[in-house]
Amino acid sequence: MATTERPPSTGRLRAWMLEGLSDLAKQHPGPHAEPEPAHKGQRWWRVMCLTGVDYFSTLGYQPGIAALAAGLLSPVATIVLVVVTLAGALPVYRRVAEESPRGEGSIAMLERLLSFWKGKLFVLTLLGFAATDFLITITLSAADASTHLVENPHLTEALQGKQMLITLFLVALLGAVFLKGFLEAIGVAVALVGIYLLLNVVVVITGLWHVITAGHVITDWSGALTTEHGNVFVMVGVALIVFPKLALGLSGFETGVAVMPHVQGDPGDTDERPAGRIRDTKKLLTTAALVMSCFLITTSFITTLLIPEREFKPGGEANGRALAYLAHEYLGNAFGTVYDVSTIAILWFAGASAMAGLLNLMPRYLPRYGMAPHWARAVRPMVIVFTLVAFLVTWIFDANVDKQGGAYATGVLVLISSAAIAVTIAARKAGQRGWTLAFGAISAVFLYTTVVNVIERPDGVKIGACFIVGIMLISLLSRLARAFELRVTHVTLDPMAERFVRDMAHRRIRFIANKPGRRDKAEYRDKAEQIKADNDIPAQEDFVFVEVTVTDPSEFEAGLTVRGEVLHERYRVLTLESASIPNALAALLLHVRDATCCTPHIYFEWTEGNPFANFLRFFLFGQGEVAPVTREVLREAEPARERRPRVHTG
């Protein structure tokens, strides 16, 4: 009786893990991936909810942070934050969305300004701060959610001392949602944001009603404020000084751009001209900023006027949960518990927008640089990696919100500052003098804020530096491990080059690898005679010279265009431009083999100098130990020895 063999469980697991390539990874395809139509995606308001779980969830702790930083001046300081948000961050990121509609953000804009390794290292540095921002968003939000859970009056005794376990469970649950599928994450975000904002509207209206009906509250606050700070100018000055401590209220803009590829746009959008996607992303950013600004002002006002100052301090009932305090105080424990559940849910899921940002950002750069394995383009393996890193960060910081605040603010401010600088440069290149001056002023504000934050909380830079060093180390090791991969995605021959190949196919195909010099008649004559003598080749045999010009050796993979020309009415020469000489030659040989069904031969001179130094030249600059590296690239690309193009060195 015949039986059907079941595929091995490891094969099914691998297929399931790499299935994520059809989800988020289609937005940043590799060289062999099928491009997704540009109009696919979700409505902008749904994607806004994914960003909003990060942005809006800061209401869980922002009013308390403002009260601790500014005291009675909290509403004024929050107004300064709102002005910076609407007049600074919002215009900057609307321009970023226009300049990088694929979701690369300011990092891609700045990448275009720098080339070679300095550009790659600069991008890796910004990716380090982005990783700091996004990963700390995941761990800090989960830690704050567990804090709300532990401090709920009904659960305090049962959950006391278990915050670490609860935080780790929430992080793991977030990872499980993304392993299930990204579209499910958007659906959950829409529900959470809708419920959370509705409950906050109830709390805000109730708080404003109590402020209005108890008239002495406003007079007491204004009197104390005048006594403490004197006049309006002093108040504004102090508010500007404490503003960097409120910078967490700016989170959400970078993730708003990072998840941009999931905005649906118009049916007529193309990858080159996604006009609808840009328009709707601007709607997303503007709506989120306006909604958040209204909540920031009203919540800072009611919490400052209605909550005693001592309750904001560590150990107080409003510490880290000011709005939850008001919900319990004025709407009862039943409503307060519902509010706690909603706050806990959105704080936990705030990591979803950060996870989406990481999944959209990292695979766009690291695999393209050769600084991550191929599976890094798949969603599910990366979800597991980021979840494990989040576990480590949670353990290191003992699931403490305050310890992670400095790192979070640093990551947010560095990315916003880089975005402001990027759009300033873009406006200058476009000849827009007014926008250049405006964006320049905004850049100065954010740079000041960043510097002040770093001085006051240097731990943020230290944590960011750890991420940067980790990313650079892993990236360089990955690049080293993949040094002998065939990096060319496709080969295109012009008509003259195709003619050379067709002509050689009637006899033995022989190439000479030549480093272009003066390119005079003597250079090619002497090179051909030397190769014939070194390899004992009959004098009547003819060759085609191959010359590779190194462009940007820091690039890892790209297409290859081959051009043919006849020099000095005799010598046939193929010219190529590539990031790596050995990879370009190997790709050409394999292409010629497949096109002609003949085995091509290529002839080299041995490279003079120390082999280790020559390998470093190849690794960093795309040239050096050309002959053996070309052979090794061919060996990895074609395991069958009988089908492998022949490499000769004399």
### Task
Go through Val92 and Thr424 one step at a time and tell me if the side-chain contact (heavy atoms from CB on, under 4.5 Å) criterion holds.
CA-CA 9 Å; Val92 164; Thr424 302; over 6 Å; no

## Note on the structure
Taking every heavy atom of Ala322 against every heavy atom of Phe312, the minimum-distance pair comes out as CB-CE2, 3.9 Å

### Task
Check whether any side-chain heavy atom of Ile425 lies under 4.5 Å from a side-chain heavy atom of Phe439, and answer yes or no.
no

### Query
When rounded to the nearest 0.5 angstrom, what distance separates CD1 in Ile416 from CD1 in Ile421?
12.5 Å

### Message
Would you say CH2 of Trp221 has more than 12 non-hydrogen atoms from neighbouring residues, nucleotides or ligands within 6.0 angstrom?
### Response
yes

### Candidate list Thr281, Leu285, Val423, test side chain to side chain contact (heavy atoms under 4.5 Å, CB included), partner Val96, passing option
Val423

### Task
Report the C-alpha separation of Ser146 and Thr167 in whole Å, then their side-chain angles, then the decisive distance to 0.1 Å, and conclude whether the side-chain hydrogen bond (donor to acceptor under 3.5 Å, both in side chains) test is met.
CA-CA 6 Å; Ser146 64; Thr167 303; 2.9 Å; yes

### Message
Within the 4.5 Å heavy-atom criterion, are Leu174 and Thr387 side-chain neighbours or not?
### Response
no

#### Entry: Contact summary for Gly52 and Val193, nearest pair of heavy atoms
C-CG2, 4.1 Å

### Task
Apply salt bridge (charged side-chain N to carboxylate O under 4.0 Å, His left out) to Lys313 and list each qualifying residue two or more places apart in sequence or on a separate chain.
none

### Query
Between OG1 of Thr137 and OH of Tyr55, what distance do you get to the nearest 0.5 Å?
13.5 Å

### Message
Return the CG to CG distance between Leu135 and Leu140, rounded to the nearest 0.5 Å.
### Response
12.0 Å

### Query
If we only count heavy atoms from C-beta on, is the Arg94 to Lys282 side-chain gap below 4.5 Å?
yes

### Query
Does the pair Arg43/Asp280 count as a salt bridge with the N-to-O cut at 4.0 Å?
no

### Query
Below 4.5 Å, heavy atoms only, C-beta onward: do Ser342 and Leu192 meet side chain to side chain?
no

### Message
Suppose we screen for side-chain contact (heavy atoms from CB on, under 4.5 Å). Which residues come up paired with Leu437, at least two apart in sequence or across chains?
### Response
Arg433

## Note on the structure
Residues Ala89 and Phe446: closest non-hydrogen pair is N-CZ, 3.8 Å

### Message
Under the criterion side-chain contact (heavy atoms from CB on, under 4.5 Å), I'd like the reasoning laid out for Met260 against Leu284: C-alpha separation, chi angles, the key distance, then a yes or no.
### Response
CA-CA 9 Å; Met260 185 176 176; Leu284 180 158; over 6 Å; no

#### Entry: Distance in Å, Gln264 CD paired with Trp45 CH2, rounded so as to fall on 0.5 Å steps
11.0 Å

#### Entry: Donor-acceptor contact below 3.5 Å, side chain Thr286 vs main chain Lys283
no

## Note on the structure
Tyr325 and Glu311 have their tightest heavy-atom pair at OH-CG, 4.2 Å

### Message
Looking at Leu347, is its backbone amide N or carbonyl O close enough to the side chain of Ser57 to form a donor-acceptor pair, meaning the two atoms are under 3.5 Å apart?
### Response
no

### Task
State, to 0.1 Å, how close Ser74 and Ala66 come at their nearest heavy-atom pair, and which atoms those are.
OG-CB, 3.3 Å

#### Entry: Phe386 ring center within less than 6.0 Å of Phe134 ring center
no

### Summary
Taking every heavy atom of Arg277 against every heavy atom of Val263, the minimum-distance pair comes out as NE-O, 3.1 Å

### Task
Measure the spacing between CG of Leu326 and CG of Leu331 and express it to the nearest 0.5 Å.
9.0 Å

### Query
With no hydrogens and no angle check, is any side-chain donor or acceptor of Ser443 less than 3.5 Å from a backbone partner on Ala420?
yes

### Query
With no hydrogens and no angle check, is any side-chain donor or acceptor of Thr303 less than 3.5 Å from a backbone partner on Ser300?
yes

### Message
Could you tell me if the side chain of Thr287 sits less than 4.5 Å from the side chain of Met48, heavy atoms only?
### Response
yes

### Query
Would you say the side chain of Met292 lies within less than 4.5 Å of the side chain of Leu59, judging by non-hydrogen atoms?
yes

### Query
Are side-chain N/O atoms of Thr450 and Ser417 paired as donor and acceptor at under 3.5 Å?
yes

### Message
Tell me whether Arg279 is salt-bridged to Asp266, with the criterion being a basic N under 4.0 Å from an acidic carboxylate O.
### Response
yes

### Query
Say you draw a straight line from SG of Cys294 to CG of Leu197; how long is it, rounded to the nearest 0.5 Å?
11.0 Å

### Message
Does any part of the side chain of Leu208, heavy atoms only, come nearer than 4.5 Å to the side chain of Phe301, both counted from C-beta?
### Response
yes

### Query
If you count the non-hydrogen atoms of other residues, nucleotides and ligands that lie under 6.0 Å from CD in Glu456, is the total more than 12?
yes

### Query
Considering only heavy atoms from C-beta outward, does the side chain of Thr343 approach that of Arg321 to under 4.5 Å?
no

### Message
Please evaluate residues Phe253 and Val412 with respect to the criterion side-chain contact (heavy atoms from CB on, under 4.5 Å), reporting the C-alpha separation (whole Å), side-chain torsions for both, the decisive distance (0.1 Å), and the verdict.
### Response
CA-CA 9 Å; Phe253 282 101; Val412 169; over 6 Å; no

### Message
Please list all pairs meeting side chain to side chain donor-acceptor pair (under 3.5 Å) that have one or both residues in residues 192-213, counting only residues at least two apart or in different chains.
### Response
Asn200-Tyr339

#### Entry: Carboxylate-amine/guanidinium proximity below 4.0 Å for Arg95 and Glu99
yes

